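First up is the structure itself, then whatever we jot down about it.
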Amino acid sequence: MNVFRIAADMAHLLAIIILLLKIWKSRSCSGISARSQILFAIVFTARYLDLFTTYISLYNTFMKITFLVATYATVYFIFFKFRSTYMRESDTFRVELLIIPSAILAFLINHDYAPFELLWTFSIYLEAVAILPQLFLLQSTGSAEVITAHYLFALGSYRGLYILNWIYRYYTEEYFDPIVVVAGIVQTVLYADFFYLYVTRVVQTRKGLELPI
């Protein structure tokens with residue numbers, strides 16, 4: 001494990017903490033796409049089913065459990081504890097348009113047809129596009145709370161750092177996984193426009209104001 005991988009994991013963890021704190025402190029899920037969170041829950045469930053069969057390290061196990069628990073907690077907050085604040089009428093992206101192609105692609109392009117391998121591949125493809133409902137929600141509402149913008153920026157940073165991790169591993173270990181790399185690049189590209197808006201507007205905006213999209 002190298003510094004880029006650790007930094008990426010920490011950025012991912014930070015994103016989740018930012019989101020949960022935002023929901024808990026404001027007692028509101030406004031501006032958060034439940035559909036994206038459901039997709040992330042599917043991603044982590046499919047990817048981490050090996051939690052019950054394979055032990056890699058304490059760090060690996062801790063991160064898997066943390067991502068699973070935090071994501072399902074977010075879904076619970078949106079649909080149960082703070083459901084009156086959920087922007088259901090604006091969160092309308094058709095997630096089946098992401099789930100079905102990801103599943104088909106996993107069967108067509110993978111490393112192996114073993115069940116866990118297919119689930120892992122499916123999770124990689126789905127994660128690449130799981131943020132689309134959230135970005136669609138921001139576009140449909142026309143603005144984003146600064147704290148939500150921080151969450152998205154941390155998620156995008158996580159993917160960007162993983163690209164550096166892959167570059168590092170390619171030159172030091174001759175490791176290259178085209179499925180992971182291509183999916184990661186696609187996911188990072190989806191954040192590109194938001195990165196520009198974040199740098200040009202959010203960092204110049206006082207906390208509590210909204211970011212025009």
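The model shown is predicted, which means the values in this text are computed figures rather than measured ones. This chain uses plain numbering: 1 for the first residue, then up along the sequence. In what follows, every heavy atom counts, from backbone to side chain, and hydrogens, waters and symmetry copies are set aside.
Using a 4.5 Å heavy-atom cutoff, the side chains of H111 and W120 are in contact. Counting heavy atoms from C-beta on, the side chains of K64 and F44 never come closer than 4.5 Å. Here the side chains of F82 and S28 are not in contact, with every heavy-atom distance at 4.5 Å or above. Annotation: side chain of L14 is not in contact with side chain of H150 (no heavy-atom distance under 4.5 Å). Contact check for Y48 versus V43: no side-chain heavy atoms found under the 4.5 Å cut-off. Within the 4.5 Å cutoff, the side chain of F77 has heavy atoms near those of the K81 side chain. Taking the side chain as every heavy atom from C-beta outward, Y151 and K22 never approach each other to under 4.5 Å. Two residues are said to be in side-chain contact when any heavy atoms from C-beta on lie closer than 4.5 Å; F93 and L98 meet this criterion.
Counting heavy-atom neighbours within 6.0 Å of Y171 OH, excluding the residue itself, gives a total of 12 or less. Atom CD of E174 has 12 or fewer neighbouring heavy atoms from other residues, nucleotides or ligands inside a 6.0 Å radius. No more than 12 heavy atoms of other residues, nucleotides or ligands lie within 6.0 Å of CZ in F107, so this atom counts as exposed by the packing criterion. The number of heavy-atom neighbours closer than 6.0 Å to CZ of R27, taken from other residues, nucleotides and ligands shown, is above 12.
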Using the rule given for side-chain contact (heavy atoms from CB on, under 4.5 Å), can you reason through N165 versus I6, listing the C-alpha separation, both sets of side-chain angles and the distance that settles it, and then say yes or no?
CA-CA 9 Å; N165 166 59; I6 295 174; over 6 Å; no
Walk me through it: do D9 and L13 pass the test side-chain contact (heavy atoms from CB on, under 4.5 Å)?
CA-CA 6 Å; D9 286 345; L13 185 60; over 6 Å; no
Walk me through it: do F4 and W166 pass the test ring pair (Phe, Tyr, Trp, His ring centres under 6.0 Å)?
CA-CA 9 Å; F4 299 113; W166 298 326; over 10 Å; no
Step by step, would you call W24 with L21 a side-chain contact (heavy atoms from CB on, under 4.5 Å)?
CA-CA 5 Å; W24 190 256; L21 286 178; 5.6 Å; no
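The distance from the CZ atom of R159 to the CD1 atom of I131 is 11.5 Å, given to the nearest 0.5 Å. Note that OH of Y191 and OG of S157 are 9.5 Å apart. Values are rounded to the nearest 0.5 Å. Between atom CZ of residue R35 and atom CZ of residue F136 there is a gap of 9.5 Å, rounded to the nearest 0.5 Å. Separation of atoms CD1 (I23) and OH (Y86) is listed at 12.0 Å; rounding is to 0.5 Å. Interatomic distance, CE of M63 versus CG of L68, reported as 11.5 Å (0.5 Å rounding). Atom-to-atom distance recorded for N60:CG and T54:OG1 is 9.5 Å, nearest 0.5 angstrom.
Scanning all heavy atoms of the two residues, the minimum distance from P133 to D91 falls at O-OD1, 4.3 Å. Closest approach of A46 and S123 over heavy atoms only: CB-CB, 4.2 Å. Considering all non-hydrogen atoms of both residues, I179 and N110 come closest at CD1-CA, 3.7 Å. Taking all atoms of both residues into account, the shortest heavy-atom contact from T121 to A106 is CG2-CA, 4.0 Å. Heavy-atom minimum distance, T45 versus A41: OG1-O, 2.7 Å. Across all their heavy atoms, S33 and L137 have their closest contact at N-CD2, 3.6 Å.
Linking Ile, Leu, Val, Met, Phe, Trp and Tyr whenever their side-chain heavy atoms come within less than 4.5 Å puts Y125 and V181 in one cluster. Clustering ILVMFWY residues whenever any of their side-chain heavy atoms sit less than 4.5 angstrom apart, transitively, puts I78 in the very cluster that holds V69. Residue F122 is not grouped with residue Y113 when hydrophobic side chains (ILVMFWY) are merged at heavy-atom distances under 4.5 angstrom, including chains of intermediate members. With hydrophobic clusters built from ILVMFWY side chains whose heavy atoms lie under 4.5 angstrom apart, F40 does not share a cluster with L97. Cluster membership for I56 and V180, using ILVMFWY side-chain heavy atoms within less than 4.5 angstrom, is not shared.
One N or O on the side chain of N2 and one on the backbone of R5 form a donor-acceptor pair closer than 3.5 Å.
Checked against the 6.0 Å centroid criterion, the rings of H12 and Y162 do not qualify as a close aromatic pair.
A salt bridge between R47 and E127 is present, with a side-chain N of the basic residue lying under 4.0 Å from a carboxylate O of the acidic one.
For the pair R169 and Y175, the cation-pi test (distance below 6.0 Å, angle within 45°) is passed.
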